[in-house]
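Inspection log for the structure reproduced underneath, given as structure tokens.
Sequence positions, counted from 1, serve as the residue numbers for this chain.
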Amino acid sequence: MPLKEDRLAALPKLDLRQTPLSYLLSIALIGAFALLVGCSAESGLDDAQCSPDEGCPTGAECIDGYCVVTGGDLDVGGDAEPDAEPDPDADVEGDTDVDPCEFEGELAFCEGANAECGMVTEEDICGDERTVDCSSVDSLGCESPLSCADNLCECPELNPDATDEEICELGGVACGEIEAQEICEDWGEFGIVNCGGCPNDETCGDEEVGIPNVCGCPCTIGDDCFDVGDIDPNNECAVCNPDVSDEEFSNAPEDTPCEISDTCTASSCSGGQCDSSPICSGADNDCGCESCEDCTADNGWYNIGSPYDCCNAEGQFCTNCRDQEQRVYSCSGTSCTSEVVDTRVNRVACQPCGDSGNECSVMTCHEDQCVEEPAGGNAQCDDGNPCTVNECDGITCTAAPVSDGESCNGGDVCFDGNCCTPDCTDKDCGDDGCGGECEPGCDSPDECQDNQCVCIPDCDGKECGPDGCEGECGPGCDDSTQTCTDAGTCECNEDCCSDDDCEDNESCNAGVCECENDGACNGGGQFCCDGECQQGAC
């Protein structure tokens, strides 16, 4: 709590060093004087209670219900002249117990105690213990929804899930939108809350009409509630204007349009009444009654029906085509009428159909849509394969393979219509993968097996001699009696080497073919004579 000296310094009070002695002598009379003028004085001026209209002597002022000396001469019951300046250290003659201290008042007492509400008990600036209900002091106390806690007004705590309705009800807000922080500073987290509308045609007040967020009637006329700007049901030139009157209708602003029975006259409000004057000449450019209209200004092309897709003369595709008719307007009676004088199709948002992505075709608009058609002429295509010959057939690009072995992409060759890279890595012969043969190839009698040259022995019809692969054909010849010929046959070194070397009915004997004397020889055409075959009988 602040010191009472602090509260004393904030208020006008009696200064014994500067107050005339006659003031000090008169303090003892304040109680009696206060009784005469309606104030009570239980302990001198300090406790002299009063009202603002009466109760304090000249030189004192009623502050917070008590008489306080604020300056000038204190006149108790007369017009005495002020005495000379007193000695500041002198006692008041005849009464050394007079206490000139004045209670600072309830407002200053509460403010000095930093109290906004509730009961406060402590010493006042005069050292007297005093109890004051600060909630009942003017300008203090807590307004809804604030509540008193430790002599301070605080916002009540809200559930984080509180609804707008709960916030508005607790805050005493009747209608409209309001920042929750404007109700209680601690409620800023709830943002803007909507407190709804007003019943019975009442209006939610704002800065211009009524009290903000409070329901009321801007104009209560008879038993009805009217909002700002509402028109008098019996006079369209009278409106609710609470700035002028909230109990009856006020004149509508000058020149406010109004209606009368004669529609061919212009009318507007003047002095709360609907005045009128004739309008419009009935010509094409000055036609009508309620307002004058230039019919010719409406001449032009008008859309008919909904937009649709179409093609234009350049073969472009248009996405916003509209049938239109040309109308010419003229005045007929008191209104404009039109006549159709031409029609057309208005094509907008047109653009080329785009690239077909095919060298043999083009995209063009046909029958209201983009279609692919042959490019025609000398259209050429290329499939990007150097081993094919391409040409357009309608919208199709055909490809015919070139001869195998033709060069492509530098060192590659064409094979079966594709550019092929020969592969002869670690190969002496055989297929290079592109229809060719790997070099150097095989010399006879070598043959290519698994891309390698392999020697194949040649002993066909041979019984001896080399096989062509550094081997020998078998079974070979008897070296003692036979010799291998170049043809790979074994020849006997004498007439015969075995019976097989002799004719029929002969046998080999010591290298000589001999026949048997008892029979024919050489197939029966000769006879054996002395071991030899001869013609005729022996």
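A 6.0 Å sphere centred on CD of E166 holds more than 12 heavy atoms belonging to other residues, nucleotides or ligands. Within a 6.0 Å sphere centred on CD of E169, heavy atoms belonging to other residues, nucleotides or ligands number 12 at most. Counting non-hydrogen atoms of other residues, nucleotides and ligands closer than 6.0 Å to CD of E179 gives a total above 12. Other residues, nucleotides and ligands contribute only 12 or fewer heavy atoms inside 6.0 Å of the CG atom of D138. Surrounding CG of D342 are more than 12 heavy atoms belonging to other residues, nucleotides or ligands, all under 6.0 Å away. Counting non-hydrogen atoms of other residues, nucleotides and ligands closer than 6.0 Å to CD of E165 gives a total of 12 or fewer. Summarising the local packing, CG of D383 is surrounded by more than 12 heavy atoms from other residues, nucleotides or ligands at distances under 6.0 Å.
When D323, T319, N320 are each tested for a side-chain hydrogen bond (donor to acceptor under 3.5 Å, both in side chains) with Y308, only one passes: D323.
Put simply, CD on Q369 and CE on M363 are 9.0 Å apart, with the number rounded to the nearest 0.5 Å. For the atom pair I221 CD1 and S245 OG, the distance stands at 7.0 Å (nearest 0.5 Å). To the nearest 0.5 Å, the span separating CD on E367 from CG on D309 amounts to 14.0 Å. Considering CD of Q316 and SG of C311, their distance stands at 10.0 Å, rounded to 0.5 Å. From C110, atom SG reaches atom CG of D133 across 8.0 Å, with rounding to the nearest 0.5 Å. Of the inter-residue distances, the one linking E293 atom CD with D298 atom CG reads 5.5 Å to the nearest 0.5 angstrom.
With hydrogens and angles disregarded, a donor-acceptor distance shorter than 3.5 Å links the side chain of E254 to the backbone of G271. A donor-acceptor contact shorter than 3.5 Å is absent between the side chain of D150 and the backbone of L152. Of the possible donor and acceptor atoms, none in the side chain of D124 sits under 3.5 Å from a partner among the backbone N and O of F109. Although no hydrogens or angles enter the test, the distance criterion places no donor-acceptor pair under 3.5 Å between the side chain of D294 and the main chain of D286. Using a distance-only test at 3.5 Å, with no hydrogens or angles considered, no donor-acceptor pair links the side chain of N303 to the main chain of Q324. D284 contributes a side-chain N or O that, together with a main-chain N or O of C331, makes up a donor-acceptor pair within less than 3.5 Å. A donor-acceptor contact shorter than 3.5 Å links the side chain of N299 to the backbone of Y329. At distances below 3.5 Å, at least one donor-acceptor pair connects side-chain atoms of S356 with backbone N or O atoms of S361.
For a disulfide, the SG atoms of both cysteines must be under 2.5 angstrom apart; this fails for C397 and C392. For a disulfide, the SG atoms of both cysteines must be under 2.5 angstrom apart; this fails for C258 and C237. Under the 2.5 Å SG-SG cutoff, C217 and C225 qualify as a close cysteine pair. Cysteines C240 and C219 are disulfide-linked, with SG atoms closer than 2.5 angstrom. The SG atoms of C350 and C318 sit under 2.5 Å apart. Cysteines C148 and C153: SG-SG separation is not under 2.5 Å. The SG atoms of C295 and C336 sit under 2.5 Å apart. Remark: SG of C370 is found under 2.5 Å from SG of C353. For a disulfide, the SG atoms of both cysteines must be under 2.5 angstrom apart; this fails for C134 and C117.
Using a 4.5 Å cut-off on side-chain heavy atoms (C-beta onward), T334 and C280 make no contact. By the 4.5 Å heavy-atom criterion applied to side chains, R347 and V345 are counted as neighbours. Put simply, the side chain of T121 reaches to within 4.5 Å of the side chain of E129, judged on heavy atoms. Contact check for V193 versus C168: side-chain heavy atoms found under the 4.5 Å cut-off. Under the 4.5 Å side-chain criterion, counting only non-hydrogen atoms from C-beta, F190 is in contact with L158. Between C360 and T396 the shortest side-chain heavy-atom distance does not fall below 4.5 Å. Within the 4.5 Å cutoff, the side chain of P218 has no heavy atoms near those of the D246 side chain. Counting heavy atoms from C-beta on, the side chains of L170 and P156 come closer than 4.5 Å.
Looking at every heavy atom in both residues, C184 comes nearest to L146 through SG-CD2, 3.6 Å.
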Q.
Run the side chain to side chain contact (heavy atoms under 4.5 Å, CB included) test on S139 and L107 for me, step by step, so that the C-alpha distance in whole Å, both residues' side-chain angles and the decisive distance to 0.1 Å come before the verdict.
A. CA-CA 8 Å; S139 76; L107 177 60; 3.6 Å; yes
Q | Steps toward side chain to side chain contact (heavy atoms under 4.5 Å, CB included) verdict (Q181, W187) | A | CA-CA 5 Å; Q181 194 170 8; W187 292 356; 5.8 Å; no
Q: Report the C-alpha separation of C198 and C175 in whole Å, then their side-chain angles, then the decisive distance to 0.1 Å, and conclude whether the disulfide (SG to SG under 2.5 Å) test is met.
A: CA-CA 6 Å; C198 296; C175 60; 3.5 Å; no
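There is no side-chain donor-acceptor pair under 3.5 Å between T343 and E325.
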